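Note that the structure is predicted; figures quoted are calculated from it, not measured.
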Amino acid sequence: MTKKFIFSLAALALFAGIANATSIEAKQEAPAPDYATFSEGMIDNIQPEGWLKEILERAEEAKRRDHRVLGKQLKLFTINDTVGPGLAHWLPRGARVRVAIENYWRQKHYEAGYEVVYTPHVGKSNLWETSGHLSFYKEGMFPVMHVQEGEGNDAYIQDYYVKPMNCPFHIQCYQFEKRSYRDLPIRYCELGTVYRYEKDGVRHGMFRVRGFTQDDAHIFCTPEQIVQEIKDTVEFAKKMLGKFGFHDIQAYLSTKPAKAVGDPARWEQATQSLRDALDQEGMSYEVDEGGGAFYGPKIDMKIKDALGRPWQLGTVQFDFNLPERFHLTYVGADGKEHQPYMVHRALLGSIERFFGILIEHYAGAFPLWLAPEQVRILPISDKALDYAKKTQAALKAAGFRVEVDSSAEKLGAKIREATLMKVPYQVVVGPRDEAAGTVSVRSRTDGAPPAPSSLLLRCGQNRAELAARAAYLFREPEEVARRKEYIHWNLLHAPVAGDSTSGRLSDLRRADGSVTVVTTVTPHGTMPRALPRMGFSLKLDKSLEQMKYYGRGPRENYIDRLTGSFLGVWESTVTDQYEAYVRPQDNGYKCDVRWAEFT
């Protein structure tokens with residue numbers, strides 16, 4: 001009798017994201033409508049173009065992107081049983097990524113009107129009794145610490161717990177002083193480290209650890225302010241996640257359950273404000289009727305990574321419970337005390353978990369702004385080592401994360417090592433580069449230089465100049481992939497009457513990697529503003545004789561005006577210099593723009 005093996009399609013899809021392709025366990029079951037049925041031996045003989053092949057390929061790709069493997073290979077983090085399971089150490093390279101994340105996070109929170117706070121890692125037991133954590137969450141907390149307080153006859157034992165959440169501490173910040181409606185909204189945020197007793201079998205790399213840092217925030221506001229606050233929060237979450245490359249966001253709205261605390265009218269207003277915010281942002285969402293927590297409705301936001309796997313990150317959660325437990329109030333315009341709305345809010349969730357997601361999403365090849373090492377300098381021999389260190393110092397002063405490979409390996413081996421470590425840019429230097437004061441650059445994407453070596457960095461420049469040149473040079477790899485050594489600008493002259501100045505960008509096209517811009521320019525016109533945005537300034541060769549001129553005045557005046565239009569826009573900004581070779585064309589001038597040496 002032939003055995004039948006049944007696979008749930010949903011289980012296979014889930015498996016594709018998390019399991020090794022060789023570890024499928026088939027089981028004998030009765031057929032079901034949404035199951036795929038295979039006879040014994042069919043799995044080994046399945047046709048490669050079948051749908052299962054795609055699932056298994058994705059499983060293999062997920063294995064290649066495993067953050068636990070890449071974390072070790074790229075020297076990002078380690079979890080050491082000598083210290084304890086689920087307690088992560090951020091190694092220097094991983095810490096650099098974390099600092100970049102946190103710096104961006106703080107900057108954007110300050111811009112959005114939040115105030116950063118820092119709170120203790122432990123609290124007395126009565127704090128957790130008031131908050132309800134000891135009643136509802138004790139199993140997820142680390143055991144109590146019995147601490148002797150006082151001396152002699154006044155000594156007593158006080159119980160402390162390490163914090164599993166930041167909420168009660170932010171409430172203490174709110175209660176620091178009496179609040180008026182004029183003070184609201186108050187938005188506290190914290191990258192607060194919390195500790196939860198995750199049991200064996202639950203911990204998984206950086207995805208589930210025992211000590212982690214939440215990007216936590218709490219908003220305290222009036223009923224009149226709540227709708228706008230929720231809209232702003234959803235928009236903030238969308239922009240924050242987009243910065244990290246997550247644009248496919250699915251939201252889930254959870255509404256009031258059968259058992260709940262708080263005023264029904266407040267529940268209704270809170271739920272509607274969540275719904276309105278999602279509608280306004282154009283986010284697709286599903287409604288989980290009755291799926292909210294007993295203390296308030298919420299929005300959960302899920303992103304999809306490069307493999308299409310969903311991850312829950314952002315949360316906007318109302319809380320009608322803690323304001324009552326801690327007796328939160330503010331004085332309204334009527335002079336009476338009122339209870340504020342309180343909203344828990346996280347955008348990235350746990351920094352550790354988010355880091356693991358980023359590693360797998362980018363397969364360790366972080367975008368330039370997040371890369372732990374943005375540039376690696378590769379001297380071709382010890383003779384160029386001093387020059388490599390000078391270049392490193394100059395780039396560090398300009399704000400880049402730069403290392404020098406001073407090993408005795410040959411250049412090919414150094415390039416391979418930098419590639420394995422997924423460094424976005426490799427800068428190669430040798431004695432000739434030192435003599436010329438330049439460097440050569442390779443990008444991570446294809447090894448091709450993002451610009452001609454003659455254009456690149458010179459040591460000894462002032463910091464502002466170097467920063468401007470380096471910022472142009474070391475852009476995201478996908479940006480520079482569109483550039484070649486020669487960028488051709490076609491300037492089609494269309495004479496018009498009078499001395500009016502005008503210029504407009506009429507077409508932008510790319511052919512064979514080049515960038516071509518066609519523009520209409522008057523005799524006294526200016527170049528389109530696309531030029532300075534692309535990082536260009538120009539110097540025109542006045543000695544060229546093959547040139548047609550349309551309009552009044554000497555040819556040199558036209559060149560002076562055209563040159564001024566290029567350089568005038570950038571007179572206060574250091575950019576790359578180019579030479580423009582102008583030659584006649586039936587209806588004007590054609591200008592081939594080439595990179596020129598620095599002077």
Side-chain angles (χ1 to χ4, degrees), residues 97-98 100-116 185 187-191 213-221 225-255 269-288 291-292 296-319 341-362 366-370 476 478:
V97 181
R98 175 168 175 165
I101 294 171
E102 292 185 352
N103 285 347
Y104 177 77
W105 185 93
R106 290 189 186 92
Q107 174 194 344
K108 291 304 174 183
H109 277 76
Y110 277 129
E111 291 176 5
Y114 287 77
E115 292 295 336
V116 174
R187 309 179 191 97
Y188 291 134
C189 65
E190 179 180 13
L191 290 166
T213 300
Q214 288 184 309
D215 82 305
D216 229 344
H218 293 88
I219 301 169
F220 305 89
C221 65
Q225 296 167 335
I226 191 61
V227 174
Q228 189 60 48
E229 287 299 311
I230 295 300
K231 288 179 180 178
D232 291 346
T233 300
V234 172
E235 180 183 6
F236 191 16
K238 193 174 177 181
K239 289 181 178 178
M240 177 71 72
L241 294 173
K243 173 66 175 178
F244 292 95
F246 302 116
H247 303 284
D248 186 353
I249 304 173
Q250 175 71 33
Y252 297 84
L253 172 61
S254 300
T255 62
Q269 184 188 17
T271 303
Q272 190 59 46
S273 68
L274 294 174
R275 195 185 304 269
D276 290 346
L278 292 172
D279 290 337
Q280 181 171 304
E281 284 300 312
M283 293 179 64
S284 61
Y285 64 94
E286 298 177 11
V287 179
D288 180 10
K298 67 173 180 174
I299 294 173
D300 289 324
M301 298 181 197
K302 293 185 179 180
I303 56 93
K304 287 186 179 179
D305 66 9
L307 295 181
R309 299 172 300 183
W311 299 92
Q312 181 181 324
L313 292 179
T315 297
V316 183
Q317 169 78 66
F318 277 88
D319 193 326
Y341 275 77
M342 178 178 173
V343 179
H344 304 267
R345 191 241 60 193
L347 304 182
L348 308 179
S350 153
I351 298 298
E352 283 75 5
R353 179 171 174 270
F354 185 66
F355 185 47
I357 293 170
L358 282 177
I359 293 172
E360 298 198 359
H361 178 63
Y362 288 111
F366 298 105
L368 183 68
W369 76 279
L370 279 177
E476 298 292 350
E478 55 269 23

Hey, what do you get for OG1 (T255) to CG (D288), rounding to the nearest 0.5 Å? 6.5 Å
Would you give the length of the straight line joining atom CD1 of I226 to atom CD of Q272, rounded to the nearest 0.5 angstrom? 13.0 Å
Which heavy atom of Q312 sits nearest to which heavy atom of R353, and what is that distance? O-NH1, 2.6 Å
Quick check: do S273 and V227 have side-chain heavy atoms less than 4.5 Å from each other? yes
Specify the closest pair of heavy atoms between G245 and Y362, including all atoms of both residues, with the distance to one decimal. CA-OH, 3.6 Å
Closest non-hydrogen contact found for P297 with Q317 is O-NE2, 3.3 Å
For the atom pair CG (L347) and CG (D216), what is the distance rounded to the nearest 0.5 Å? 10.0 Å
Less than 4.5 Å apart, side chain to side chain, heavy atoms only: is that true for R187 and I219? yes
Any side-chain heavy-atom pair from K239 and K108 closer than 4.5 angstrom? no
Centroid-centroid distance, W369 to Y104, less than 6.0 Å: yes
Give a yes or no on whether the backbone of E281 and the side-chain of E235 come within a donor-acceptor separation of less than 3.5 Å. no
For a 4.5 angstrom cut-off between non-hydrogen side-chain atoms, does Y341 reach Q269? yes
Tell me whether the count of non-hydrogen atoms from other residues, nucleotides or ligands lying under 6.0 Å of NZ in K304 goes above 12. no
Carefully, step by step, assess F244 and H361 under the rule ring pair (Phe, Tyr, Trp, His ring centres under 6.0 Å). CA-CA 10 Å; F244 292 95; H361 178 63; over 10 Å; no
So, the side chain of E352 versus the backbone of T213: is there a donor-acceptor pair under 3.5 Å, distance only? yes
On a heavy-atom basis, which atom in D215 and which in G349 lie closest, and how many Å separate them? OD1-N, 2.8 Å
Testing K298, H218, H344 one by one against D319 for a side chain to side chain donor-acceptor pair (under 3.5 Å), which residue passes? H344
If the test is side-chain contact (heavy atoms from CB on, under 4.5 Å), which one of D300, D279, I249, I299 qualifies with Y285? D279
According to side-chain hydrogen bond (donor to acceptor under 3.5 Å, both in side chains), does anything in residues 240-254 pair up with another residue at least two apart or in another chain? List the pairs. Q250-S284
R106 side chain near L191 side chain, heavy-atom distance below 4.5 Å: yes
Rounded to the nearest 0.5 Å, how far does CD of Q228 lie from OG1 of T233? 9.5 Å
Considering residues at least two apart in sequence or located in another chain, which fulfil the ring pair (Phe, Tyr, Trp, His ring centres under 6.0 Å) criterion with H109? W105, Y114, F236
Output the distance between atom CD1 (I101) and atom CZ (F354), rounded to the nearest 0.5 Å. 6.0 Å
Set of ring pair (Phe, Tyr, Trp, His ring centres under 6.0 Å) partners for Y188, sequence neighbours left out: none
Decide yes or no for I303 and M301: does some side-chain heavy atom of the first lie under 4.5 Å from some side-chain heavy atom of the second? no
Does some side-chain heavy atom of L241 sit less than 4.5 Å from a side-chain heavy atom of L313? yes
If only side-chain N and O atoms count, and only distance matters, is there a donor-acceptor pair under 3.5 Å linking D276 with Q280? no
Of all heavy-atom pairs linking L370 and L358, the shortest is CD1-CD1, 4.3 Å
